[in-house]
K.L.:
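Have a look at the structure that comes next, please.
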Amino acid sequence: MEKLLNELSVPGRIGYSLPPNDVEKNKLSTLIPEKYLSSERPALPEVSEPEIARHFINMSITNHHIDKGFYPLGSCTMKYNPKLNEATSRLPGFSGIHPHQHESTIQSALQLMYELEKSLCDFTGMDSFTLQPAAGSQGELTGIMIMRRYHTENGNPRKKVLIPDSAHGTNPASVVISGYESIPVKSNDRGLVDVDDLTSKLDEEVAGMMITNPNTLGLFEEEISTISKKIHDVGALLYLDGANFNALISLMKPAGMGFDITHLNLHKTFSTPHGGGGPGAGPVGVISKLSKYLPYPRVQKVDESYTLTSESTDSIGRLHGFFGNFGILVRAYTYIRLLGYDGFRAASKNAIINANYLKKLVTERYDIPFGQNCMHEFVVSAESQKKRGAKAGDIVKRLLDFGVHAPTVYFPLIVKEALMIEPTESESKSSLEDFSSILEKIDDEINENPSLLTDAPFNTPIRRLDEAKAVRELRLTWDKVGN
Ligand SMILES: *Cc1c(COP(=O)(O)O)cnc(C)c1O
């Protein structure tokens, strides 16, 4: 196991070489009042340059990542991220600027945001976007706040937001944080929104409905036009959780399906490395009647230059410092320029074809309860494997031994022993076949020796962890590790 940096530390060892100091020395207390000075030196690690380089390289290869192996983490769109995106986001003109600089000196950055907003409008049919939210979930919050502002201005903020029972957990969370009650809508036996159940819950107290399409089972909501009409008939708004937009880009526009507000997860669909909690970007697009509520400042083009709008009373306010996670906007912009509209159409189609091909291979051994044609992902139920001795959680631990990242487990909640698999467009036919044969081998192992599964993983840097212990016995100081 790679040691912690503090454990590698040797007093006096340094990792830099600087020319001798030719500035006159000052006592620190002449610059900073004594009471703010610590009497102890900070416990910073002291290591050489090669040590620090090896330390981080060793950690990076211990980790699983998309450049190392298959990463079928459902709902997360772990596609390959072209290295060009990294190169552009590191250009000094983007990485070295400060948001407090005068507008005239950051014209390219403003232009990039302006053009990115236009592209996102093209892809979605929305009228305008804010690029501020730092994640899909913060985008949801933004969207529901806009909903509330719209209804309040029409005289009544209303009380409830409808959410399908297959939804991602962030959906009800965003609704509740915005002061609404979250009302679940049942799925029917095909895994789609049950329109009768929806109808029975509709009244003038419904502010809106939040739908993921394709939904978290990877299924397209075929009755979206009916749903949209019913929602709009009671004066409510329709929100798209656009986390699954990878299945739709250049094939279908959310505005055309009747959505009034949508977020996009740039880190998923538009290729930024993600995982481990960030960083992300969750721009929110709205139709024209909602544009004035978007967070400020927005970038606008006046004659040939780009400026920022000032505070406005219609706006819901700021959601994030400055412009959100700007580096991610640069990556998304680059990716969009790289692929173009036709390139995205090919990518979406391949994402759908890959998921359907893999689903076909996997159904040989595993059950897929909502097994009709899927879009970009599908959800396996390992109930039959559980009866033979290995739960969904055991199967995915064993997958790690074969160099594959675990799929999403136990979500969506309407599938028992769920394994949610999203191959993305960037995998080849043979890598899908390899993955399917690993799943077959694991299924054989369950028949032959289920305890192998419950003890897995064997080949990873760390064996199976006690998932509850880390929460109950927090260890936050480095000097306790290894005791
Ligand atoms: C990822 C995801 C979210 C939340 O997005 P973050 O960017 O992780 O905050 C919401 N809904 C669905 C369906 C998702 O897959």
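Counting starts at 1 for both ligands and their atoms, in listed order.
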K.L.:
Using the six-membered ring wherever Trp is involved, compare the ring planes of His263 and Tyr239 and label them parallel, tilted or perpendicular (cut-offs 30° and 60°).
P.N.:
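Aromatic pair His263/Tyr239 classed tilted.
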K.L.:
Quick one, list the residues around ligand 1 where some non-hydrogen atom comes in under 4.0 Å, by chain and residue number.
P.N.:
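Only Ser75, Ala135, Gly136, Ser137, Glu140, His168, Thr170, Thr212, Asp241, Ala243, Asn265, His267, Lys268 have heavy atoms that fall under 4.0 Å of ligand 1, ordered by chain and number.
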K.L.:
Apply side-chain contact (heavy atoms from CB on, under 4.5 Å) to Ala134 and list each qualifying residue two or more places apart in sequence or on a separate chain.
P.N.:
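Expected list: Gln138, His320, Asn325.
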K.L.:
Ignoring hydrogens and geometry beyond distance, is a side-chain donor-acceptor pair present between His232 and Asp260 at under 3.5 Å?
P.N.:
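Per modelled atom types, His232 and Asp260 side chains form a pair under 3.5 Å.
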K.L.:
Under a 3.5 Å distance rule, please check whether Arg398 uses its side chain to pair with a backbone N or O of Asp394 as donor and acceptor.
P.N.:
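Checking the backbone N and O of Asp394 against the side chain of Arg398, no donor-acceptor pair under 3.5 Å is found.
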K.L.:
Strictly by ring-ring contact (aromatic ring centres under 6.0 Å, His included), give each pair with a member in residues 191-220 just once, sequence neighbours left out.
P.N.:
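Sorted result for residues 191-220: empty, none.
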K.L.:
Which residues pass the side-chain contact (heavy atoms from CB on, under 4.5 Å) test with Lys79, sequence neighbours left out?
P.N.:
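Here the qualifying residues are Thr77, Asn246, Ser271, Tyr335, Thr424, Glu425, Ser426.
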